[in-house]
Protein chains: 2
Amino acid sequence: MTGSGNKRTRIQGINRGIILEAALDVFSAYGFRGSTIDQIAEKAGMSKPNLLYYFPRKEDIYVTVLENTLEDWLAPFRDIDPDGDPVEELKKYTILKLRMSANKPESSQLFANEILHGAPAIQDFLRNNLKRLVDEKANVISHWIEQGKIAPVDPHHLIFMIWATTQHYADFDVQVRAILPDQTEQADFFDHAADSILTILLNGIRPRDTVQPAQ
Amino acid sequence: MTGSGNKRTRIQGINRGIILEAALDVFSAYGFRGSTIDQIAEKAGMSKPNLLYYFPRKEDIYVTVLENTLEDWLAPFRDIDPDGDPVEELKKYTILKLRMSANKPESSQLFANEILHGAPAIQDFLRNNLKRLVDEKANVISHWIEQGKIAPVDPHHLIFMIWATTQHYADFDVQVRAILPDQTEQADFFDHAADSILTILLNGIRPRDTVQPAQ
DNA sequence: CAAAAACTTGACTGAATGGTCAAAATGTAG
DNA sequence: CTACATTTTGACCATTCAGTCAAGTTTTTG
């Protein structure tokens, strides 16, 4: 959960972890500018100078949290298996992402906030690592289409659609709760959401030999 | 574009408009906390005290911009016609929403940022006005389903899916551009996006009499 | 257990920023 | 064109907040 970088001593390992956990909470709730070092320090249960002993600048904390988050976020995407059954793979991925939205909305929110404000800290990452990875997976989808396993749809836009839809439940959490106050209380809310989304999505990409009805 | 509230004099009308336009740009780019009154004042071409003469507090500007934005944002949703053809109505709505993402991403971004940070300024609006409206439109969709005009899908989640997908192109603009640098340059990028999304979405909700294939 | 290294913190500093104020400039109505 | 209302702004104030520092405390190591 914490594990980044060079933890010289025992105490460093522990405290960096505590700080990063607190920082995720605070940054995801208030954004970079909206968060204060004091807030994070208090949540981490240490003094501000102590926190700055581990991360000399506010930005250092932020970037570290963001990097850790990115990895969590991409792992299930990396795991999409080119040799698996397309429907099964996309289904698995969608459910995993949705589960992340349910269990760790903070990660998604932190990331969303970063992108929303122009991704100042991860421009390069998006343009290089992420682009490469997405292009690669888009290729996988293209193959599936060629083999007639799913309908011909633009792979990139399909990926965007899955991202958007699944992250919506984390990023727009407040709105979802406001609109469905009772259902969001229920334990099976996310299962139901998954069902609904997958029904549309999987039927949307099911191979069709008939032409779409006019209009 | 500007038009809210009580503009006593000619000058007030003009200047409030200028301020709100500048404020939308600034707030959408940097968030509430990340924006400064000086920034907005400079963009609006006037001194800070002058700006504060029209909107005594930073929050007043923010709330006003947000309210104007909300109306733009909801108008096409309100216009979904219960008596229209379902596929045609949803198609129209999706395209309108996507066009808004293309033409005025700032509005969507401002709204996304507000929700992302817990919607402190519009909790009530979400819980009352928005919930009512969404429930109403969800009912319309339910009717369409009963009449067999579209497949049985959860109306609320369908709405979320359309919102999420269309707004993604505004809110995650930087990411989309990073992944599709060439295509986003092209004039027909949004048309292509609309095609891709609608292909999946409309097939996803097309009435089916055959059972979905196993798994 | 003593010395060195690592860790912790109260008190402080400087810059940024939301907001005030009184006086000047401009617009408007009779 | 004069009196009044509206608009504009330079200078200023108080607060918040990132980051420093020097002096203390704890942990580790030989």
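Each chain gets a letter, A, B and so on, in the order the sequences are listed, and its residues count up from 1. Every heavy atom of this structure was used, including side-chain atoms; hydrogens, water molecules and symmetry mates were not. Predicted, not measured: the structure shown is a model, and the values here were computed from it.
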Among the nucleotides C:dG18, D:dA18, C:dC21, whichever has the atom closest to the side chain of B:Asp38 is C:dG18

Could you give the CD1-to-C1' distance, from A:Ile14 to D:dT26, as a whole number of Å?
-> 14 Å

If you look at every strand shown and take non-hydrogen atoms under 4.0 Å, does A:Leu52 touch a base, only sugar-phosphate, or nothing?
-> base

Euclidean distance, atom CD1 of residue B:Ile37 to atom P of C:dT20 [Å, nearest integer] | 9 Å

State which of C:dC7, C:dG18, C:dT20 makes the closest approach to the side chain of A:Ile11.
-> C:dC7

Taking only the side-chain heavy atoms of A:Ser47 (C-beta and beyond), determine which of C:dT20, C:dT8, D:dA18 contains the nearest atom.
-> C:dT8

Is the shortest distance from a Lys or Arg side-chain nitrogen in B:Glu136 or B:Arg78 to a carboxylate oxygen in the other one below 4.0 Å?
-> no

Reckon A:Arg57 has a side-chain N or O less than 4.0 Å from the OP1 or OP2 of D:dA18?
-> no

Separation of atom CZ in A:Arg16 from atom P in C:dT8, rounded to whole Å | 13 Å

Rounded distance (Å) that lies between atom P of D:dA18 and atom CD of A:Glu42 | 14 Å

Can a side chain N or O of A:Gln12 be found less than 4.0 Å away from OP1 or OP2 on C:dA6?
-> no

Should we say atom CD of B:Gln183 is surrounded by more than 12 heavy atoms from elsewhere, each under 6.0 Å from it?
-> yes

Could you state the atom-to-atom distance from OH of B:Tyr62 to C1' of C:dG18 in whole Å?
-> 17 Å

Closest nucleotide of DNA chain D for B:Asn15 versus for B:Arg33: which of these residues is on the 5' side?
-> B:Asn15

Ignoring hydrogens and angles, answer whether the base of D:dG19 and the side-chain atoms of A:Lys58 contain a donor-acceptor pair closer than 3.5 Å.
-> no

Quick one: is B:Tyr54 getting a side-chain N or O under 4.0 Å of the D:dT8 phosphate, OP1 or OP2?
-> yes

B:Arg99 NZ/CZ over B:Phe190 ring centroid, <6.0 Å and within 45° of normal = no

Would you say D:dT6 has OP1 or OP2 under 4.0 Å from some side-chain N or O of B:Arg10?
-> no

The side chain of B:Pro49 lies closest to which of these nucleotides: C:dA11, D:dG19, C:dT20?
-> C:dT20

Starting at atom CE of B:Met46, determine the distance to atom P of D:dT9, rounded to an integer number of angstrom.
-> 8 Å

Above 12 or not: heavy atoms from other molecules or residues under 6.0 Å from OH of B:Tyr54?
-> yes

Over how many whole Å does the gap from A:Leu51 atom CG to C:dC7 atom C1' extend?
-> 13 Å

Look at the side-chain N and O atoms of B:Tyr53 and state whether any lies under 4.0 Å from the OP1 or OP2 oxygen of D:dT8.
-> no

Trace of the side chain to side chain donor-acceptor pair (under 3.5 Å) decision for B:His117 with A:Asn113 = CA-CA 9 Å; B:His117 296 337; A:Asn113 191 61; 3.2 Å; yes

Please check the phosphate of D:dT7 (OP1 and OP2 only) for any side-chain N or O of B:Asn50 closer than 4.0 Å.
-> no

Separation of C:dT17 P from B:Phe32 CZ (nearest whole Å) = 13 Å

Which is it for B:Arg57 and B:Tyr62 under the side chain to side chain contact (heavy atoms under 4.5 Å, CB included) test, yes or no, and what are the steps along the way?
-> CA-CA 9 Å; B:Arg57 327 224 127 240; B:Tyr62 180 72; over 6 Å; no

